[in-house]
Structures are given as C-alpha cells and as structure tokens.
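Every chain is numbered from 1, with letters handed out A, B, ... down the list of sequences. Hydrogens, waters and symmetry mates are skipped; everything else that's a heavy atom, side chains included, is used.
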Protein chains: 2
Amino acid sequence: MDEKDDFDVQFFLPYLLNQASEVASDGFQKIYKDRYGMLRTDWRVLFHLGIYGRMTARDIGRMAQVHKTKISRAVARLETRRFLLREEDAADRRVEHLTLTSAGQAAYRDLRGVARNYEARLVAGLDPQDVVALRRALLHLSGR
Amino acid sequence: MDEKDDFDVQFFLPYLLNQASEVASDGFQKIYKDRYGMLRTDWRVLFHLGIYGRMTARDIGRMAQVHKTKISRAVARLETRRFLLREEDAADRRVEHLTLTSAGQAAYRDLRGVARNYEARLVAGLDPQDVVALRRALLHLSGR
DNA sequence: AGGTAATAGTTGATTTTGTAACTAACAACG
DNA sequence: CGTTGTTAGTTACAAAATCAACTATTACCT
C-alpha cells in the first residue's frame, strides 16, 4: 500500500492489549453473566466489597478506575438483587457505605473460585517468566 | 471478609489486562476521534485496508476478530466520509472488496505515524525485555 | 434441476455506555 | 453566618454495542 510500510496492526500494543483483554474477559464474563446476570462493573463492585469489605462507591470507583455513573448503576443492580446493602454515613450524609449481604458474599466466594481456576487456565500455556513480566508490564501501563 | 482470602482483584489477569488495555486505547482514541471522528472499529478497518490493501469485510472481521455488524457499520461510516470504496466481486455478488480512497490513505498514513509515536511513548517506561515478553504473552492469550 | 444449508452483509430492536446536567450535602473563606 | 466552590451520588438523553432476524446470493447434495 505504501513505500515503507513496516507497520503491522497485529503488533500494535493497544490493539494487542485489547485483543488479549477481550479474549481473557469473555470466558469469565460468560460465567458471571450466566450464573448471576451480572455485567462487568457488577462483578468488579462485588469483588471489591468481597475483598476489602465495607467501601463507598467513590472508593470503589477510584480503586477500579471506573466512572461514578457506572458504579452507581452497578450498585443499583446489585442492591436490587439483594447482593449488597447501603448504609448512610453518620457524619457525612452524602456518603453511602456499601457492604455485601450474605447472598452477596456467597456469590463473591463462588466467583472468586471461578476466577482462580480461570486465571490458572489462562496462564497455563505461558512461560512463567513471561507471566511475571506480563503482570509487571500491565501494572505499569495501567499506571501504578 | 473471609477466612483464607488471599485473592486480589488488582492482580487478576482479566482485570489487569482490561485496565492496561483501556489506558492504552484511550490516548490513541482521543487522537483518531478528534482528528477524524472515528470510532475504534473505524480505525481498525482503516488500518487493515491501509496495511494489507484490498480486503473484504469478512476478512477484516476474521483478522481483527470483530463481529460482522461492527465491521458493516464501520465500513458504512468510512464510506460516508469518503475514506473507502466498495467494489462488488465479479464472481460472487455477495462479496464486496474494499479499498481506501486517497483521502483514506492519507488518514491512514497520518494515523500510522501517530500510532508509532504513541506506542513508543507507551513502552518508554518499560524494561525492553518485558516488552518482548508482553507481546509474546498477549499474542498467545489472544489465541495466535 | 430442486430443495436445503451456508455465507456475506445489512437492518432493527434492545441493552449498555458515555456525557452532561442535576440534587443534596459539606467545606472554606470572607 | 452567607456566598462560592467541591464532592457523592443519581438521572436524563444521546451515542454505541449487542443480538436476532432479515435479504440476497452461492454451495451442496440427491
């Protein structure tokens, strides 16, 4: 197409990252969607509360780098399905503390197990050293 | 939250991949969106045609692992903006061959330059060996 | 040939996301 | 106090992604 066209999309990092990300997400998505009707942000909120305990929507958004409207909607969905409870802060009435109900905790534990297995399968075909490098690189790219 | 909770979302591979992918995509997206009003699938189609020359929608979809409805709509948008032309196949009238117009080629060359620089900036902070491992791992994860 | 299945691509309805504007509450500073 | 600015979270509307159904054409099979 062009004189010196040594460029290949297939190796362009944002493209590659997106491909790998989608493949990796899809297998896991199928499970939390089929089993609990959750969307991506839903399981993220669930996992944050499952792992770190009581948190506010704001803190989850900061930690997961997700916009507050997405969090707001995910929280609403999880609340409807009785996976979490809101309690308003005593000192600052803008703030809501979120905690998992026992149903939420059960779902979390179930999906955590799935996640562990799923990740094990994902890295199974990779050189362990590459996995270390991969995580390090991804952490750096996502800005930590 | 739980007895043996050694799980951390922040290191869960699909999560990490998605974080890095979004960060990496966003910087590039800003440019092709501002400059040409393109969406993600649009630039992918543009790049495939720019790099590999004449292709059908089907082949682009296969190569980029993108669903045909997305491709169809991206092609329609690019056609409207006079970035590509369709010609029907002589032997099989279902098939359309797509090629870039000169405007399309100009946009491609422009964005290819941007992509090169952008990627250089992305990997600048990384250990070169990690970049090699990263690409290898991503290729493997995305199934090649 | 004639019927059935498969393929390329488009369209429409529904769901989800993105963006901006909004409410309600607190903070800071005169 | 009081006005101005910030913050937590929600809502409304537009843009985009998803999924199923559709048209048109070709391939297969007997």
Requested in this report: Return yes if the base of C:dT7 and the side-chain atoms of B:Arg94 contain a donor-acceptor N/O pair under 3.5 Å, otherwise no.
Outcome: yes

Rounded to whole Å, CG of B:Asp26 lies from P of C:dT17 at a distance of 15 Å

Side-chain atoms of B:Glu96 come closest, of C:dT19, D:dG9, C:dG9, to C:dG9

| said: Heavy-atom count check: over 12 atoms from other residues, nucleotides or ligands less than 6.0 Å from A:Arg82 CZ? | reply: no

From CG of B:Leu78 across to C1' of C:dG9 the rounded distance in Å is 16 Å

Tell me what A:Arg40 touches on the nucleic acid: a base, only sugar-phosphate, or nothing, going by heavy atoms under 4.0 Å.
nothing

Between A:His67 and A:Ala91, the residue closer to the 5' end of DNA chain C by nearest nucleotide is A:His67

B:Gln29 CD to D:dA15 P, in whole Å, measures 15 Å

Joint cluster assignment, A:Leu85 & A:Leu46, ILVMFWY side-chain distance < 4.5 Å = no

Rounded to whole Å, CD of A:Glu88 lies from C1' of C:dC26 at a distance of 14 Å

Regarding the side chain of B:Ala57, the nearest nucleotide among C:dG9, C:dT10, D:dT10 is C:dG9

- Does the side chain of A:Asp110 come under 3.5 Å of the side chain of A:Tyr36 through a donor N or O and an acceptor N or O? yes

Is the distance between the ring centroids of B:Phe28 and A:Phe12 under 6.0 Å? yes

query = What nucleic acid atoms does A:Ile71 come within less than 4.0 Å of, heavy atoms only: base, sugar-phosphate, or nothing?
reply = nothing

Would you say CD of B:Glu87 has more than 12 non-hydrogen atoms from neighbouring residues, nucleotides or ligands within 6.0 angstrom?
yes

Which of C:dT19, C:dA25, D:dA16 is nearest the side chain of B:Lys33? It is C:dT19

In whole angstroms, the gap separating P of D:dA14 from CG of B:Leu39 amounts to 18 Å

task = Determine: side-chain N/O of A:Ser72 to OP1/OP2 of D:dG9, distance under 4.0 Å, yes or no.
result = no

*N/O (side chain, B:Arg73) to phosphate O (OP1/OP2, C:dG12) under 4.0 Å*: no

Whole-Å distance, B:Met38 CE to D:dA15 C1', equals 18 Å

Comparing nearest nucleotides in DNA chain D, the 5'-proximal residue of the pair A:Thr69, A:Arg62 is A:Arg62

What's B:Ala74 touching, base or sugar-phosphate or nothing? Going by heavy atoms closer than 4.0 Å. nothing

Here the distance between atom P of C:dA6 and atom CZ of B:Arg93, to the nearest Å, is 23 Å

State, with a plain yes or no, whether a side-chain heavy atom of B:Val131 is found less than 4.5 Å away from one of B:Arg135. yes

| query | Is there a side-chain polar atom (N or O) of B:Lys70 under 4.0 Å from OP1 or OP2 of D:dT18? | reply | yes

Whole-Å distance, B:Asp89 CG to D:dT26 C1', equals 11 Å

- Does a nitrogen or oxygen in the side chain of B:Lys68 sit under 4.0 Å from OP1 or OP2 of D:dA17? no

